[in-house]
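Written below as structure tokens is the structure these notes are about.
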Amino acid sequence: MTSTSPHHNSSPTQRFPVVVVGAGPAGLTIGNILRAASVDCLVLEIETREFIEQRPRAGVLEEGAVRGLQRRGLADNLLARAQRHTECEFRFDGERYRLEYAELTGVHHWVYPQQLLVTDLVREYAEVRGGAIRFGVRDVELHDLDTDRPSVSYTCPDTGQRQVVHCDFVAGCDGARGATRAALPAGRAHIARSDYGIGWLALLAQAPPSSDCVLFGMHPRGFAGHMPRSAEVTRYYLECPPGDDPENWSEDRVWTELQQRLGANGVPPLTEGRLIEKRVLDMHNYVVEPMVFGRLFLAGDAAHLTAPIAAKGMNLALHDAFLLGDGLVAHLTKGDGTGLDGYSAACLNRVWDCQEFSHWLSEVYHGTSSGDPYRAGTTLARLRRIFDSPTAARAFAEQYLGRHTED
């Protein structure tokens with residue numbers, strides 16, 4: 001929530017030019033950019049360090065995002081350890097169709113699990129660049145955002161005392177349910193939302209990938225996806241009813257559905273293994289406009305969500321962080337407010353482009369299982385066009401890989 005200046009106990013107040021709320025990819029990248037410019041900042045995170053370094057999330061990075069990290073000295077481990085992907089495969093009507101997108105565009109994907117990137121960014125921020133970070137904080141509140149003296153208060157997990165931090169700017173990187181979203185002023189934040197009316201059962205299997213690339217299965221029983229994560233672990237998705245209980249999906253049922261939905265003529269069955277994660281994601285998108293409210297700047301999932309349909313979430317969060325981090329540095333070290341002034345509009349142009357592609361791709365993934373013969377027919381026509389027309393294939397590849405290649 002937001003309020004006027006907080007009453008606090010005898011604990012001394014602190015001051016940092018920037019307070020970053022949330023230690024995900026966006027928040028940690030902003031923190032690292034600031035520290036590289038010798039700007040002090042404080043990162044606040046409600047979870048423990050152990051938790052965020054083990055939490056499995058996204059894993060697909062676009063070349064533009066990796067170049068942005070590399071230019072800021074944040075990609076050494078990623079480039080040494082990540083998998084380079086140059087093609088993907090669609091399976092529908094019992095057949096397999098390879099799309100060699102790197103050959104079409106000269107661009108490829110990197111696969112690097114988000115928890116590994118977060119681990120790298122935490123270490124660089126806290127241990128190399130000397131950034132201040134507090135884990136396990138509680139009851140975060142934002143104050144006086146419409147003034148030039150904003151502050152953030154929180155409860156220290158060690159002492160139970162309220163702490164107050166004065167700052168010039170707050171970077172809100174703590175997702176849709178975090179304190180920064182709760183602080184948005186009534187009547188000024190416009191939230192556009194789209195619900196796909198479907199769920200995805202998100203799975204991690206302790207099993208080696210069954211293909212050297214990402215697989216998309218379009219089947220009358222529902223969509224299925226295969227995403228390699230490492231030599232021993234594979235991410236799978238299964239379309240399911242929204243709000244479904246993961247306990248409805250036994251291991252036998254999961255593997256039966258995956259084998260059916262990802263099966264194709266001439267390919268061996270999937271390599272099965274123990275399921276180490278199983279949760280249901282309700283597919284929806286949202287966009288907050290604008291992304292700036294006084295001295296509060298939103299980034300990543302605090303500002304927008306794209307369902308994992310198009311693998312854009314972590315990439316959008318990083319691009320937000322590049323723009324916001326650079327804008328804050330320019331303002332605080334040179335008095336140049338141009339980047340901050342244009343931040344919201346620049347981010348939202350990219351966000352809406354990805355939202356549109358997510359909608360288009362959802363129809364491709366889910367049309368055949370809609371129960372509507374017309375939607376199923378047009379979906380198959382779209383898929384065939386990608387493989388019959390080099391122009392259509394290149395247009396798809398550009399969107400899939402990130403049409404905006406700069407950071």
Side-chain angles (χ1 to χ4, degrees), residues 1-23 26-46 125 130-134 137-157 159 161-175 178-189 288-300 302-303 320-321 323-345 347:
M1 60 179 292
T2 185
S3 66
T4 56
S5 298
H7 297 289
H8 53 84
N9 57 23
S10 58
S11 296
T13 59
Q14 309 164 68
R15 177 168 177 79
F16 289 85
V18 180
V19 174
V20 179
V21 184
L28 291 167
T29 298
I30 292 167
N32 273 295
I33 292 171
L34 292 168
R35 289 303 303 137
S38 298
V39 175
D40 286 333
C41 64
L42 172 66
V43 176
L44 299 176
E45 170 57 50
I46 64 171
Y125 174 76
I133 188 165
R134 309 281 187 269
V137 303
R138 304 192 306 273
D139 307 319
V140 177
E141 296 183 7
L142 281 60
H143 314 274
D144 301 321
L145 297 174
D146 285 327
T147 75
D148 60 0
R149 293 176 57 83
S151 62
V152 179
S153 62
Y154 65 94
T155 300
C156 174
T159 67
Q161 292 183 318
R162 292 295 289 173
Q163 303 287 329
V164 180
V165 187
H166 294 285
C167 57
D168 297 313
F169 298 99
V170 180
C173 309
D174 55 342
T180 56
R181 276 286 290 272
L184 298 186
R188 287 171 53 191
V288 179
E289 294 189 87
M291 291 171 55
V292 179
F293 301 88
R295 293 299 181 99
L296 170 63
F297 289 74
L298 301 179
D320 290 351
L323 290 176
L324 182 52
D326 291 348
L328 288 167
V329 167
H331 180 91
L332 292 166
T333 64
K334 302 175 184 176
D336 179 0
T338 306
L340 293 184
D341 291 342
Y343 170 72
S344 182
C347 291

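From a predicted model like this one, the values you see are computed outputs, not experimental measurements. Side chains are part of it too, since the values below use all heavy atoms of this structure and drop only hydrogens, waters and symmetry mates.
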Tell me, with the steps shown, if Leu298 and Phe293 meet side chain to side chain contact (heavy atoms under 4.5 Å, CB included). CA-CA 8 Å; Leu298 301 179; Phe293 301 88; 4.0 Å; yes
Verdict with reasoning, Asp168 to Arg15, per side chain to side chain contact (heavy atoms under 4.5 Å, CB included): CA-CA 9 Å; Asp168 297 313; Arg15 177 168 177 79; 2.6 Å; yes
Can you check side chain to side chain contact (heavy atoms under 4.5 Å, CB included) on Leu324 and Thr29, steps first, answer last? CA-CA 10 Å; Leu324 182 52; Thr29 298; over 6 Å; no
Quick one, Tyr154 with Val165, criterion side chain to side chain contact (heavy atoms under 4.5 Å, CB included). Give me CA distance, side-chain angles, the key distance, then yes/no. CA-CA 9 Å; Tyr154 65 94; Val165 187; 3.8 Å; yes
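Closest heavy-atom contact between Thr147 and Asp144: OG1-O, 2.9 Å. In plain terms, the two heavy atoms of Ala302 and Gly172 that are nearest each other are CB-O, 3.5 Å. Taking every heavy atom of both residues into account, Arg162 and Ser153 meet most closely at NH2-OG, 2.7 Å. Closest approach of Ala299 to Ala26, counting heavy atoms only: CB-CB, 4.4 Å. In terms of heavy-atom proximity, Ile133 sits nearest to Ala23 at CD1-CB, 4.3 Å. A pairwise comparison of heavy atoms in Val292 and Ser344 identifies CG2-CB, 4.1 Å as the closest pair.
To the nearest 0.5 Å, atoms CZ (Phe169) and CG (Asp148) are separated by 9.5 Å. Distance CG/Leu323 to OH/Tyr343: 7.0 Å, rounded to 0.5 Å. The structure places CD1 of Ile33 at 12.5 Å from OH of Tyr125, a figure rounded to the nearest 0.5 Å. Atom CD of residue Gln14 and atom NE2 of residue His166 lie 9.5 Å apart, to the nearest 0.5 angstrom.
Panel note: side chain Asp174, backbone Thr180; a donor-acceptor pair is recorded below 3.5 Å. The backbone N or O of Thr155 sits nowhere less than 3.5 Å from a side-chain atom of Asp139 that would complete a donor-acceptor pair. In this structure a side-chain-to-backbone donor-acceptor pair under 3.5 Å is missing from Asp40 to Phe16.
Looking at Leu184 and Val288, their side chains come closer than 4.5 Å, going by heavy atoms from C-beta outward. Using a 4.5 Å heavy-atom threshold, the side chains of Val152 and Leu42 count as separate. Between Pro150 and Leu296 there is no side-chain heavy-atom pair separated by less than 4.5 Å. Looking at Asp320 and Met291, their side chains come closer than 4.5 Å, going by heavy atoms from C-beta outward.
Between Asp146 and Arg295, no side-chain nitrogen of the basic residue sits less than 4.0 Å from a carboxylate oxygen of the acidic one, so the salt-bridge criterion is not met.
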